[in-house]
Amino acid sequence: VSRRFGKLRLFVTLCLVWCLITLSWFGIDWGAGQTIDVPLVGTMTMKEFYVVLRGGAIGMTNAGFIMLVTALFTDTIYLGEEAEGAALEGSYAGLWSASEKLAFALGPVLAGAVLSLYGFQSSKSGPIAQSPEALQGILLNYSIIPIVIFLASLSLVPPFARSVKVPVKVAPACSKERHDRLVADR
């Protein structure tokens with residue numbers, strides 16, 4: 001699929017589809033009073049069915065864009081080496097690793113702050129009823145906040161796309177056909 005549509009375009013499309021699916025958490029109560037018989041599973045409410053369906057769709061888009069970002073990363077290493085004449089994969093990998101660590105550190109801090117601001121009550125003795133405000137904080141953590149972060153990160157795609165369109169010489173280790181395919185796949 002990425003060869004047909006281009007890796008970068010498919011990556012952006014999957015990210016936007018992920019945002020739309022994530023936005024559907026606002027319909028968490030859809031079908032709460034209706035039941036459905038699901039083969040091999042049994043009877044479940046439509047609400048439960050939509051949660052499972054939503055989880056599967058989010059998982060598929062996650063798998064797609066994670067695979068594509070990894071492919072784009074290796075292409076970036078190749079094109080960067082070709083354009084600069086030096087191997088920069090260590091620098092790229094270091095920047096990637098540092099940004100991941102920062103995201104994994106700031107994500108829980110942000111989520112915890114939102115839950116605290118909305119009055120979420122933690123419990124060591126099992127589930128407890130949450131206030132409507134706390135439920136709204138949970139919903140924000142699962143929908144609006146990740147969507148805003150995704151859309152902000154997608155604002156970096158146009159400069160990246162322009163940077164790989166610049167003419168670059170073909171490296172001796174790579175055939176012109178492979179180079180052209182890498183650039184075209186973007």
Side-chain angles (χ1 to χ4, degrees), residues 1-74 96-97 99-158 160-161 185-186:
V1 176
S2 68
R3 285 196 182 163
R4 185 177 198 178
F5 297 107
K7 291 176 191 172
L8 200 54
R9 185 182 308 160
L10 185 57
F11 171 76
V12 170
T13 301
L14 286 170
C15 288
L16 293 174
V17 169
W18 182 92
C19 288
L20 289 174
I21 296 166
T22 301
L23 194 59
S24 75
W25 280 111
F26 280 100
I28 187 69
D29 287 327
W30 292 339
Q34 302 168 336
T35 59
I36 183 174
D37 289 322
V38 181
L40 303 175
V41 175
T43 302
M44 59 181 6
T45 66
M46 287 301 292
K47 176 182 176 177
E48 294 166 336
F49 179 75
Y50 289 140
V51 168
V52 170
L53 189 65
R54 183 182 294 116
I58 286 175
M60 286 188 287
T61 57
N62 278 351
F65 66 69
I66 288 171
M67 183 180 64
L68 283 165
V69 80
T70 304
L72 288 166
F73 179 70
T74 57
W96 177 306
S97 179
S99 64
E100 275 188 328
K101 287 184 186 334
L102 181 63
F104 289 141
L106 293 179
V109 170
L110 178 61
V114 168
L115 291 176
S116 181
L117 286 171
Y118 279 81
F120 180 83
Q121 298 295 314
S122 63
S123 170
K124 292 183 180 181
S125 60
I128 61 171
Q130 297 291 334
S131 68
E133 293 81 18
L135 294 175
Q136 188 176 19
I138 294 169
L139 189 57
L140 285 174
N141 273 335
Y142 273 89
S143 59
I144 297 300
I145 294 171
I147 289 171
V148 167
I149 292 169
F150 253 74
L151 294 177
S153 70
L154 286 178
S155 70
L156 300 174
V157 171
F160 173 75
D185 281 351
R186 297 206 172 262

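By convention here, the first residue in the shown sequence is residue 1.
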Undergrad: Strictly by side-chain hydrogen bond (donor to acceptor under 3.5 Å, both in side chains), give each pair with a member in residues 141-154 just once, sequence neighbours left out.
TA: none

Undergrad: Heavy-atom distance under 4.5 Å between the side chains of Val17 and Met60, does that happen here?
TA: no

Undergrad: Please round to the nearest 0.5 Å and tell me the distance separating atom NZ of Lys7 and atom CE of Met67.
TA: 10.0 Å

Undergrad: For Gln130 and Gln121, indicate whether the former's side chain and the latter's backbone hold a donor-acceptor pair under 3.5 Å.
TA: yes

Undergrad: Restricting to pairs with a member in residues 13-42, which pass salt bridge (charged side-chain N to carboxylate O under 4.0 Å, His left out), not counting sequence neighbours?
TA: Asp29-Lys47

Undergrad: Verify, without hydrogens or angle tests, whether Glu48 (side chain) and Thr45 (backbone) share a donor-acceptor contact under 3.5 angstrom.
TA: yes

Undergrad: Can you pull the side-chain hydrogen bond (donor to acceptor under 3.5 Å, both in side chains) pairs that have at least one residue in residues 57-67, sequence neighbours excluded?
TA: Trp18-Asn62

Undergrad: Can you sort out the partners of Ser123 under side-chain contact (heavy atoms from CB on, under 4.5 Å), two or more places apart, ordered by chain and number?
TA: Ser125, Ile128

Undergrad: Can you pull the salt bridge (charged side-chain N to carboxylate O under 4.0 Å, His left out) pairs that have at least one residue in residues 16-28, sequence neighbours excluded?
TA: none

Undergrad: How long is the gap from OG1 on Thr35 to CE on Met46, to the nearest 0.5 Å?
TA: 9.5 Å

Undergrad: Where is the tightest heavy-atom contact between Ala57 and Ile21, given as atom of each residue plus distance?
TA: CB-CD1, 3.6 Å

Undergrad: Can you tell me how far the CG atom of Leu140 sits from the CG atom of Leu135, to the nearest 0.5 Å?
TA: 11.0 Å

Undergrad: Give, for atom OH of Tyr50 and atom OG of Ser24, the distance between the pair rounded to the nearest 0.5 Å.
TA: 11.0 Å

Undergrad: Leu10 and side-chain contact (heavy atoms from CB on, under 4.5 Å): which single residue from Leu14, Leu8, Val12 fits?
TA: Leu14

Undergrad: Distance check, rounded to the nearest 0.5 Å: Cys15 atom SG versus Phe65 atom CZ?
TA: 5.5 Å

Undergrad: Identify the two heavy atoms, one from Leu68 and one from Phe11, that lie closest to each other, and give their separation to 0.1 Å.
TA: CD1-N, 3.7 Å

Undergrad: Where do Trp25 and Ile58 come nearest, in terms of heavy atoms and distance?
TA: NE1-CD1, 3.9 Å

Undergrad: Report the residues that fulfil side-chain contact (heavy atoms from CB on, under 4.5 Å) with Ser131, sequence neighbours left out, ordered by chain and then residue number.
TA: Glu133, Ala134

Undergrad: Which heavy atom in Leu151 sits nearest to a heavy atom in Cys19, and how many Å separate them?
TA: CD2-SG, 4.3 Å

Undergrad: Can you tell me how far the CD1 atom of Ile144 sits from the OG1 atom of Thr22, to the nearest 0.5 Å?
TA: 9.5 Å

Undergrad: Should Val41 and Val52 be marked as a side-chain contact (heavy atoms from CB on, under 4.5 Å) after you check the CA-CA gap, both sets of side-chain angles, and the distance that decides it?
TA: CA-CA 11 Å; Val41 175; Val52 170; over 6 Å; no

